[in-house]
Amino acid sequence: MQSFVDFIQSFLGLGATVILPVAIFILGLFFGQKVGKAFRSGLTIGVAFVGIFLVIDLLTLNLGPAAQGMVNRLNVELNVIDVGWPATSSIAWASVVAAFIIPLGLIVNAIMLFTKTTKVMNVDVWNFWHYTFAAAVVYTISGSVIQGLIAAVIFQIVCLKIADWTTPMVRDFYEMPGVSVATGSTISYAPFIFLVKWIQKIPGLKNLHADPDSIQKRFGVFGDSMVVGLFLGIIIGLLAGYRVGEVIEVGMSMAAVMILMPRMVKILMEGLMPVSESARTWLNKRFGESDITIGLDAAVLLGHPSVIATALILTPVTVLIAVMLPGNNVLPFGDLATIPFIVAFIVGAARGNIIHSVIVGTVMIALSLYMATDIAPVFTDMAMSAEIKLPEGSAKVSSIDQGGNLFNWLIWRFFELFH
């Protein structure tokens with residue numbers, strides 16, 4: 001069993017840049033594409049994800065140290081450290097339930113497609129670690145593999161149903177027909193879409209509007225998304241207490257993120273569309289279904305400038321509210337770079353309105369910090385069992401991504417009722 005788990009960990013360690021091209025190539029062949037065309041689609045998607053994750057790394061390498069600089073300047077002492085999603089996924093895959101999650105997840109998705117309870121064909125296998133983490137949490141409190149697997153299935157079903165619900169948004173706002181997103185860190189904040197709709201009805205507040213197009217129309221070249229990224233990066237650098245050269249470096253990096261991410265997503269769609277069309281044709285002939293979507297990593301949504309702009313604004317806001325919130329013990333750090341993933345559906349619901357997105361995003365993150373604080377004892381036990389070294393000076397660990405994940409928290413609390 002351990003050797004199988006090690007194999008799964010090694011396979012998933014290859015990431016989306018390897019797993020997704022292989023999956024798309026196989027899907028292309030299955031849906032009747034010629035070998036050459038299927039191979040080119042898979043390769044194009046792999047290249048796009050290499051570019052996307054290079055841009056995300058650029059974001060991470062700049063936001064992480066800047067956030068630490070902000071924390072140091074505020075001289076705060078919070079005893080639960082946000083270890084970030086890489087450590088969280090390692091904790092998940094170290095659990096004894098991990099070996100069952102991928103085959104179980106594929107079976108559940110196939111059953112739901114066959115019974116027409118979902119229209120999402122989720123090829124984002126490497127993000128099954130979110131289901132694994134939910135299973136690991138329940139296994140930790142119950143000692144039951146069966147209960148852990150039930151938790152994983154519940155989380156997966158929720159992810160697929162929300163992916164179905166948000167498909168029109170992905171198609172219309174993000175201009176990605178045939179694509180859906182079932183990534184656990186993104187779908188868990190979809191319920192907050194109701195807050196966007198509520199804000200859009202409040203007199204005065206509903207009239208506040210700022211998106212990349214309106215900003216550029218009003219400010220000309222200074223409203224260009226690349227220039228906005230530069231200014232936001234400079235502000236973050238100043239808040240971190242950087243020297244002039246470092247401030248400019250952060251600004252340039254954020255400008256690069258704003259301009260490069262949309263171009264990487266465009267390449268991704270170039271590779272995906274032939275497979276998507278083949279899938280729809282194949283399914284329509286056999287089942288009369290023409291609206292099956294392919295589930296991809298939420299990184300594909302980061303190509304919209306409003307998502308990155310909202311996330312950059314929320315980075316210092318997250319640090320500030322962590323200090324101000326009574327009862328919060330989580331020090332944001334590792335998952336600050338995942339904020340674009342968390343807010344993607346909110347930005348889509350707000351139609352790119354950065355002001356409304358930031359307001360709702362602030363509420364979301366505040367609740368995430370409370371949930372991450374609440375689950376920290378269990379999270380810490382899991383980290384210690386997985387032999388993850390705790391950060392120096394921390395009594396406990398948690399994460400915004402999964403520790404502060406709404407559905408993961410609800411599933412944990414539900415199973416807690418029986419123990």
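It should be emphasised that the depicted structure is a prediction, and the values quoted were computed from it without experimental measurement. The analysis underlying the following values was restricted to heavy atoms, covering all of them including side chains, and did not include hydrogens, waters or symmetry mates.
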From L331 atom CG to N79 atom CG, the distance as rounded to the nearest 0.5 Å: 10.0 Å
Decide yes or no on side chain to side chain contact (heavy atoms under 4.5 Å, CB included) for T338 and D335, but give the supporting numbers first. CA-CA 5 Å; T338 67; D335 273 331; 3.4 Å; yes
Taking side-chain hydrogen bond (donor to acceptor under 3.5 Å, both in side chains) as the definition, give me every residue that meets it alongside T117, ordered by chain and number, with sequence neighbours left out. T115
Does any N or O in the side chain of S144 come within less than 3.5 Å of the main-chain N or O of Q147, such that one atom is a donor and the other an acceptor? yes
Quick one: does H356's side chain get under 4.5 Å of I346's, heavy atoms only? no
Take atom CZ of R413 as the centre, draw a 6.0 Å sphere, and report whether it contains more than 12 heavy atoms from other residues, nucleotides or ligands. yes
List the residues meeting ring pair (Phe, Tyr, Trp, His ring centres under 6.0 Å) with H304, not counting sequence neighbours, and say none if there are none. F173
Measure the shortest side-chain to side-chain distance between D124 and N127 over non-hydrogen atoms and say whether it is less than 4.5 angstrom. yes
Give me the atom names and distance for the closest heavy-atom approach of S398 to A372. OG-O, 2.8 Å
Rounded distance [0.5 Å steps], CE in M384 versus CD1 in I91: 11.5 Å
Taking side chain as C-beta onward, heavy atoms only, is Y174 less than 4.5 Å from V307? yes
Assess whether side chain to side chain contact (heavy atoms under 4.5 Å, CB included) is satisfied between I339 and T318, documenting all intermediate values. CA-CA 9 Å; I339 292 177; T318 300; 3.6 Å; yes
P316 versus I236, closest heavy-atom pair with distance: CD-CG1, 4.4 Å
Name all residues meeting the side chain to side chain contact (heavy atoms under 4.5 Å, CB included) criterion together with L205; count only those two or more places apart in sequence or in a different chain, and write none if there are none. I199, I202, L208, I359
Could you tell me which non-hydrogen atom of V300 sits nearest to which non-hydrogen atom of V179, and how far apart they are? CG2-CG1, 4.5 Å
Test L301 against V170 for side chain to side chain contact (heavy atoms under 4.5 Å, CB included), laying out the working first. CA-CA 8 Å; L301 305 182; V170 175; 4.3 Å; yes
In terms of heavy-atom contacts, does CD of E246 have more than 12 from other residues, nucleotides or ligands at under 6.0 Å? yes
From OG1 (T118) to CD1 (I111), nearest 0.5 Å: 12.5 Å
With sequence neighbours left out, the residues meeting ring pair (Phe, Tyr, Trp, His ring centres under 6.0 Å) with F333 are none
Less than 4.5 Å apart, side chain to side chain, heavy atoms only: is that true for L239 and I235? yes
Run the ring pair (Phe, Tyr, Trp, His ring centres under 6.0 Å) test against F414 and tell me which residues pass, sequence neighbours left out. F418
CD/E175: more than 12 non-hydrogen atoms of other groups inside 6.0 Å: no
Could you pull out all residues at least two apart from K266 that satisfy side chain to side chain contact (heavy atoms under 4.5 Å, CB included)? none
Contact between V181 and L296 at the side-chain level, heavy atoms closer than 4.5 Å - yes or no? no
Interatomic distance, CD@Q156 vs CD1@I107, rounded to 0.5 Å, equals 10.0 Å
Sorted by chain and residue number, the side-chain hydrogen bond (donor to acceptor under 3.5 Å, both in side chains) partners of W409 (sequence neighbours excluded) come out as D374
Any non-hydrogen side-chain atom of W165 less than 4.5 Å from a side-chain atom of S180? no
Just jot down the side chain to side chain contact (heavy atoms under 4.5 Å, CB included) partners of A322, sequence neighbours excluded, or say none. L78, N328, P332, L369
Contact summary for V120 and D164, nearest pair of heavy atoms: CG2-OD1, 3.3 Å
Taking N329's backbone N and O only, do any of them form a donor-acceptor pair with T373's side chain (distance below 3.5 Å, no angle check)? yes
Could you work out, with side chain to side chain contact (heavy atoms under 4.5 Å, CB included) as the rule, every residue matching R171, not counting sequence neighbours? P168, P177
Value for OH (Y189) from CG (L406), rounded to nearest 0.5 Å, stands at 7.5 Å
Heavy atoms, side chains only, cut-off 4.5 Å: are F192 and F345 in contact? no
Write down the atom of G404, the atom of S368, and the distance for their closest heavy-atom approach. O-OG, 3.1 Å
Salt bridge (Lys or Arg N to Asp or Glu O under 4.0 Å) partners of E270, counting only residues at least two apart: R40
What do the steps show when you test F379 against K396 for side chain to side chain contact (heavy atoms under 4.5 Å, CB included), and what is the final call? CA-CA 8 Å; F379 199 113; K396 297 175 184 177; over 6 Å; no
Under 3.5 Å donor-acceptor, T186 side chain and I342 backbone: no
Is the distance between the ring centroids of F100 and Y131 less than 6.0 Å? no
Is any side-chain heavy atom of V137 less than 4.5 Å from a side-chain heavy atom of M382? yes
How many angstroms lie between atom CG of N122 and atom OG1 of T293, to the nearest 0.5 angstrom? 9.0 Å
Do you know the tightest heavy-atom contact between V397 and T380? N-OG1, 3.0 Å
State which residues pass side-chain hydrogen bond (donor to acceptor under 3.5 Å, both in side chains) with S253; sequence neighbours excluded, sorted by chain then number. N62
Kindly write out the residues that satisfy side-chain hydrogen bond (donor to acceptor under 3.5 Å, both in side chains) with N405, not counting sequence neighbours, or none if the list is empty. S188
